[in-house]
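For reference, the structure is listed below as structure tokens.
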2 protein chains.
Amino acid sequence: MTDVQEIDGAVKEGRRERKRRQTRERIEAAALALFLERGFDGTTIEDITEAADVSKRSFFDYFPSKEEVVFAWQDSFADELADAVAAQPKDASIVAVIEGALTSALLAAMADPQSLAIGALIHDTPVLSARHQLKYAKLETKLTDALYARSGGGEEELLRLRLLSAIVVSTVRIGGERWNERPQDLPLQEFAQDLFRELWAILVDLGALVEQRSSRR
Amino acid sequence: MTDVQEIDGAVKEGRRERKRRQTRERIEAAALALFLERGFDGTTIEDITEAADVSKRSFFDYFPSKEEVVFAWQDSFADELADAVAAQPKDASIVAVIEGALTSALLAAMADPQSLAIGALIHDTPVLSARHQLKYAKLETKLTDALYARSGGGEEELLRLRLLSAIVVSTVRIGGERWNERPQDLPLQEFAQDLFRELWAILVDLGALVEQRSSRR
DNA sequence: TTGTATTTTTGCGTTTAGTGCAATAATTAA
DNA sequence: TTAATTATTGCACTAAACGCAAAAATACAA
């Protein structure tokens with residue numbers, strides 16, 4: 001029925017699954033290389049399938065669309081973040097949880113040397129930019145769920161966490177834009193640290209500002 | 001050279017411009033009606049052009065893509081918001097500026113009775129959702145620019161305002177989602193008021209929480 | 001090994017979005 | 001009226017994406 005063999009609880013690939021995985025990787029590698037070389041719009045699916053030596057029709061058996069090839073690699077980020085949130089110490093404050101989880105997830109994601117080039121590709125391909133925004137939206141809901149799972153509050157808490165997630169994801173997004181624009185003289189770890197420091201400071205200021213205004217009327 | 005005649009500083013439409021505007025409105029109306037009836041994907045451009053009685057080719061002379069028809073109507077929102085920000089009293093606090101400007105811009109935008117149906121259409125059409133996110137991104141930068149123009153601070157202030165804009169836009173987005181999900185028993189004005197009240201309260205709490213944590217280490 | 005069931009890959013045809021170009025029609029200005 | 005602009009259209013073309021059925025590769029059982 002299936003090619004997967006279980007031995008000692010581990011999973012062993014059959015020839016079928018191995019080849020399928022290899023083909024997928026071949027398509028992905030060929031596509032990304034071509035995208036970076038000729039641009040996203042300047043690359044046709046046929047170009048990709050020829051480079052990867054599969055039929056045009058097979059492409060769609062592996063990826064639902066041309067765009068998905070670009071975003072498939074980072075599909076895991078949201079899940080990794082959720083895991084990282086769950087892995088934070090039980091008694092940590094929500095602020096510490098977010099900072100800790102995001103830093104570790106970011107470091108893992110940026111380990112891939114291609115991530116920078118892909119970021120640039122997304123940045124100057126309008127259709128990919130639009131698609132990219134959706135990633136942030138998904139990230140936001142996943143983060144909300146992960147946080148909500150930790151501190152199982154009520155309905156009231158949910159809005160708070162959605163907003164907090166939105167703030168955090170916005171910070172990541174804005175930070176990412178900065179990271180791509182500015183000279184990256186400092187390592188990511190410190191960059192993230194600085195960014196969070198600024199974020200928290202701004203939130204403190206903002207809180208004080210709002211409080212001041214609320215009490216005034 | 002141009003058909004526009006200026007009389008007393010007002011602009012008078014020539015026949016050409018009037019017809020062009022009418023055609024554009026006809027296409028837009030036909031498209032939206034069909035989208036709401038058969039769904040976005042279930043409507044072809046030919047359906048639209050037949051209903052609007054123009055050639056298929058002309059459609060692309062008015063709209064660059066099928067999606068743009070959906071989003072054209074709300075293109076003005078960001079500008080209206082920017083204007084509303086500029087129109088707030090000079091001495092108002094940034095918090096008051098945001099609340100005031102957004103409330104007025106929202107009320108104006110929601111005056112269109114179609115906006116609710118279009119919101120639903122966007123919500124359950126994936127490709128439109130992705131596109132919609134981009135609107136929020138643009139809104140965010142416009143809001144940032146408008147706020148930055150008011151309180152001409154330095155580089156430091158810019159990050160703060162970007163983040164603040166992100167927070168506000170996220171609030172609008174999340175509020176909008178709520179507005180579409182929940183029974184809309186209360187009028188928009190009160191809804192917005194409640195939403196902002198919650199937002200400010202959360203920001204105060206969050207500020208305190210962060211401060212507490214920062215001072216602890 | 002051989003036969004059989006399952007899965008993968010491919011080829012082919014079709015629909016639809018979107019573009020380029022050149023011809024035609026409508027509008028404006030002289 | 002004529003000449004110049006501008007708008008509209010038809011036609012051909014590219015490319016993405018899907019459905020379907022044939023062919024190839026793989027797994028498995030006897």
Side-chain angles (χ1 to χ4, degrees), chain A residues 1-7 11-28 30-31 34-35 38-72 125-128 130-131, chain B residues 1-7 11-28 30-31 34-35 38-72 125-128 130-131:
Chain A
M1 201 60 168
T2 172
D3 299 345
V4 177
Q5 312 285 338
E6 291 206 20
I7 298 174
V11 175
K12 199 178 185 179
E13 268 182 338
R15 194 198 314 275
R16 240 172 209 166
E17 264 131 7
R18 178 160 15 91
K19 286 193 115 183
R20 196 166 170 80
R21 181 178 49 75
Q22 286 170 346
T23 303
R24 189 188 165 89
E25 284 167 2
R26 221 167 54 241
I27 293 175
E28 195 173 319
L34 286 169
F35 289 162
R38 314 181 190 174
F40 184 78
D41 296 323
T43 305
T44 70
I45 297 208
E46 265 199 305
D47 293 339
I48 299 169
T49 56
E50 271 165 32
D53 198 34
V54 289
S55 75
K56 183 187 157 198
R57 193 62 188 80
S58 285
F59 177 91
F60 293 101
D61 195 36
Y62 286 91
F63 298 95
S65 78
K66 206 172 138 186
E67 298 170 12
E68 284 309 306
V69 187
V70 180
F71 292 102
T125 308
V127 68
L128 293 183
R131 191 59 223 290
Chain B
M1 203 63 168
T2 172
D3 299 343
V4 177
Q5 312 287 337
E6 290 204 20
I7 298 175
V11 175
K12 199 179 185 178
E13 270 182 337
R15 193 197 315 274
R16 232 168 218 170
E17 264 131 7
R18 182 173 52 254
K19 286 193 113 183
R20 198 167 169 79
R21 181 178 49 74
Q22 287 170 346
T23 303
R24 188 188 166 89
E25 285 168 0
R26 220 167 54 240
I27 294 176
E28 196 174 318
L34 286 170
F35 289 162
R38 314 182 191 172
F40 183 78
D41 295 323
T43 306
T44 71
I45 298 211
E46 266 198 306
D47 292 339
I48 299 169
T49 56
E50 270 166 32
D53 197 33
V54 290
S55 74
K56 180 191 157 196
R57 192 65 187 76
S58 285
F59 176 91
F60 292 101
D61 195 36
Y62 284 91
F63 298 94
S65 77
K66 206 171 139 187
E67 298 170 13
E68 284 308 305
V69 188
V70 179
F71 292 103
T125 308
V127 69
L128 293 184
R131 190 58 222 291

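Since we're looking at a predicted model, the values are computed, not measured.
- Between Arg21(A) atom CZ and dT9(C) atom P the separation is 13 Å, expressed in whole Å.
- Across the protein-nucleic acid pair, Phe60(B) atom CZ and dA12(D) atom P stand 18 Å apart, rounded to whole Å.
- Spacing between atom CG of Asp41(A) and atom C1' of dG18(C) amounts to 12 Å, rounded to whole angstrom units.
- When heavy atoms are screened at a 4.0 angstrom cut-off, Thr49(A) is found touching no nucleic acid atom at all.
- Contact annotation: Arg20(B) does not reach the phosphate of dT27(C) (side-chain N/O to OP1 or OP2, under 4.0 Å).
- Between the side chain of Arg16(B) and the base of dT28(C), no donor-acceptor pair of N or O atoms lies under 3.5 Å.
- A salt bridge between Asp47(A) and Lys56(A) is absent, with no side-chain N of the basic residue lying under 4.0 Å from a carboxylate O of the acidic one.
- The separation between Ile27(B) atom CD1 and dT9(D) atom C1' is 13 Å, rounded to whole Å.
- Note: Ile48(B) CD1 to Ile27(B) CD1 = 8.5 Å, rounded to the nearest 0.5 Å.
- Between Arg57(A) and dG19(D) there is no side-chain polar atom (N or O) within less than 4.0 angstrom of OP1 or OP2.
- Taking atom CD1 of residue Ile48(B) and atom P of nucleotide dT16(C), one finds them 12 Å apart after rounding to whole Å.
- The distance between atom CG of Leu34(B) and atom P of dT16(C), rounded to the nearest whole Å, is 14 Å.
- Counting only residues at least two apart or on different chains, the ring pair (Phe, Tyr, Trp, His ring centres under 6.0 Å) pairs with a member in residues 46-67 of chain A are Phe59(A)-Phe63(A).
- In terms of position along DNA chain C, the nucleotide closest to Phe40(B) lies nearer the 5' end than the nucleotide closest to the other residue of the pair Phe40(B) and Lys19(B).
- Atom P of nucleotide dA7(D) and atom CZ of Arg24(B) are separated by 13 Å, given to the nearest angstrom.
- Glu28(B) places none of its side-chain heavy atoms less than 4.5 Å from the side chain of Thr23(B).
- At dT8(D), none of the side-chain N or O atoms of Ser58(B) fall inside 4.0 Å of OP1 or OP2 (strictly under the cut-off).
- A search for ring-ring contact (aromatic ring centres under 6.0 Å, His included) contacts involving Phe71(A) returns nothing, not counting sequence neighbours.
- Listed in residue order, the members of residues 61-72 of chain A having a heavy atom less than 4.0 Å from DNA chain D are Pro64(A), Ser65(A), Lys66(A).
- Between Asp61(A) and Arg24(A) there is no salt bridge, since no side-chain nitrogen of the basic residue lies less than 4.0 Å from a carboxylate oxygen of the acidic one.
- Between Glu25(B) and Arg21(B) there is a salt bridge, since a side-chain N of the basic residue sits under 4.0 Å from a carboxylate O of the acidic one.
- One atom, CZ of Arg15(A), and another, C1' of dA25(D), lie 9 Å apart when rounded to the nearest Å.
- For Lys56(B), no side-chain nitrogen or oxygen approaches OP1 or OP2 of dG10(D) to under 4.0 Å.
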